[in-house]
2 protein chains.
Amino acid sequence: MHNILQQHNHQHCIDDALARARELCQRRQVKFTRIREQVLACVWANHQPVGAYTILEEIAKDSDRRPAPPTVYRALDFLLENGLVHRIASLNAFVGCKNPNHHHQGHFLICRQCRNAIELDTDVINSAINAAATQHGFAVEAPCVEVVGCCANCQELSDNE
Amino acid sequence: MHNILQQHNHQHCIDDALARARELCQRRQVKFTRIREQVLACVWANHQPVGAYTILEEIAKDSDRRPAPPTVYRALDFLLENGLVHRIASLNAFVGCKNPNHHHQGHFLICRQCRNAIELDTDVINSAINAAATQHGFAVEAPCVEVVGCCANCQELSDNE
DNA sequence: ACACTAATGCAATATTATAACATTTTATTC
DNA sequence: GAATAAAATGTTATAATATTGCATTAGTGT
């Protein structure tokens with residue numbers, strides 16, 4: 001029930017993300033170029049954070065040309081700036097953002113087993129962080145929350161063994 | 001007032017950390033070797049997260065021998081396992097832990113300007129994370145919170161300009 | 001002393017990310 | 001539509017971070 005792969009048609013999920021990105025870029029008058037689209041598609045290929053060099057390999061496989069690292073990183077920078085992807089620092093990896101319109105740093109539950117990353121959309125954590133920060137007179141700019149653990153689906157799977 | 005450098009005698013702070021580490025290792029029957037002590041001292045040299053290669057350089061400077069990367073990383077692994085240091089994923093850096101006895105993942109406020117990292121000791125953030133995780137049936141193992149922003153002291157400094 | 005284990009030394013290399021500069025593509029102005 | 005400027009991408013090299021695998025040394029228990 002909590003298995004993200006069962007909750008939705010994933011192709012639909014990828015298509016949606018690309019459509020949202022196209023629309024957003026048009027609205028902001030920035031260019032959604034081929035390489036940016038390829039990188040974003042790759043990031044959305046599943047719900048697992050994906051490394052820059054993996055993206056590079058995937059694109060090489062799909063299109064018979066191998067972009068150099070800077071090309072991929074530049075595309076990722078663009079996508080990050082426009083809130084279309086998040087970077088997971090603890091994994092050196094990137095994952096698609098569900099809600100690119102509202103600028104935010106994502107909060108993630110990352111499953112140690114299946115590697116899926118679930119983006120939280122609560123404000124509770126931010127509130128707690130802000131409260132703690134305020135006590136120290138600290139001005140929050142970019143809160144980064146990456147919670148490693150075991151997702152509901154993988155717990156069930158290991159229970160049934 | 002909030003400047004961590006004004007709150008305490010830092011040499012005292014380093015000495016304390018080393019003493020705590022020695023005591024903890026003895027109690028756990030694990031070895032607090034020379035290299036581990038050197039690395040920990042280096043991590044506690046100030047309150048700023050420090051990279052593995054910086055540690056390497058510092059030790060090379062202080063002791064006329066240059067440990068190879070694996071040596072430093074192994075010492076860091078040991079210190080991490082024993083809760084004596086935390087790793088700041090978003091900075092690829094390491095920082096001393098204030099309370100190594102109680103096993104925990106630290107929560108940090110990291111100042112963009114002075115680079116100081118303030119370790120929080122509240123449970124509020126963990127509660128918020130656990131609440132959000134529970135809603136997704138997710139079992140939390142290692143919550144990682146790294147908040148980039150501007151510390152009180154640096155805010156004052158830039159106000160006075 | 002001997003065997004055993006933990007810790008370290010060491011060389012090579014993997015992985016992630018960026019710098020610097022050339023070229024191409026796209027947009028803008030005349 | 002040609003000239004120009006700006007943005008994006010290509011290309012080469014290299015920086016920064018981290019690990020693997022194996023040799024050696026130092027402790028520990030018998």
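Letters A, B, ... are given to chains in the order of the sequence lines, protein chains preceding strands, and every chain is numbered from 1.
One N or O on the side chain of A/E146 and one on the backbone of A/A89 form a donor-acceptor pair closer than 3.5 Å. Under the 3.5 Å distance criterion, the side-chain polar atoms of A/S63 are left unmatched by any main-chain donor or acceptor of A/A60.
Counting any heavy atom pair closer than 4.0 Å across all strands shown, A/T71 reaches a base atom. Counting non-hydrogen atoms under 4.0 angstrom, B/R66 reaches nothing in the nucleic acid.
When rounded to the nearest whole Å, the span between CZ of B/R65 and C1' of C/dG9 equals 10 Å. Atom CD of B/Q29 is separated from atom C1' of D/dT28 by 12 Å (rounded to the nearest Å). Remark: C1' of D/dT19 and CZ of B/F78 are 20 Å apart, rounded to the nearest angstrom. Distance B/E37 CD to C/dA7 C1': 16 Å, rounded to the nearest Å. Whole-Å rounding puts the B/N82 CG to C/dA7 P distance at 10 Å. When the C1' atom of C/dA6 is taken as reference, atom CZ of B/F32 falls 17 Å away, rounded to whole Å. Between the CZ atom of A/R74 and the C1' atom of D/dT9 there is a distance of 6 Å, given to the nearest Å. Taking atom CD of B/Q38 as the reference point, atom C1' of C/dA7 lies 14 Å away to the nearest angstrom.
Phosphate contact (OP1/OP2 of D/dA16, side-chain N/O of B/N92, threshold under 4.0 Å): absent. Contact annotation: A/Y73 side-chain N/O to C/dA17 OP1/OP2 distance is under 4.0 Å.
One axis for each end of the helix from C/dA1-D/dT30 to C/dC30-D/dG1, each built from five base pairs, and the angle between them comes to 30° at 10° resolution.
A salt bridge links B/R27 to B/E23: at least one charged side-chain nitrogen sits closer than 4.0 Å to a carboxylate oxygen.
Checking A/G51 against B/R34, the closest nucleotide of DNA chain C that is more toward the 5' end is the one next to B/R34. Annotation: of the two residues near DNA chain D, A/P69 and A/I35, the 5′-most nearest-nucleotide partner is A/I35. Closest-nucleotide positions on DNA chain C for A/R87 and B/A68 were compared, and the one nearer the 5' end corresponds to B/A68. Each of B/K31 and B/D77 has a nearest nucleotide on DNA chain D; the 5'-most of these lies closest to B/D77.
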*Start with the C-alpha gap between B/F78 and B/C25, add the side-chain angles, then the distance that decides, and say whether side-chain contact (heavy atoms from CB on, under 4.5 Å) holds.*
CA-CA 11 Å; B/F78 171 87; B/C25 287; 3.9 Å; yes

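A distance of 5.0 Å separates CD of A/Q38 from CZ of A/R65, quoted to the nearest 0.5 Å.
Judged by centroid separation below 5.5 Å and plane tilt below 30°, A/Y53 does not stack onto the base of C/dT15.
Sorted by first then second residue, the salt bridge (charged side-chain N to carboxylate O under 4.0 Å, His left out) pairs that include residues 29-53 of chain B, not counting sequence neighbours, are B/R22-B/E37.
Less than 6.0 angstrom separates the ring centroid of B/H104 from the ring centroid of B/H86.
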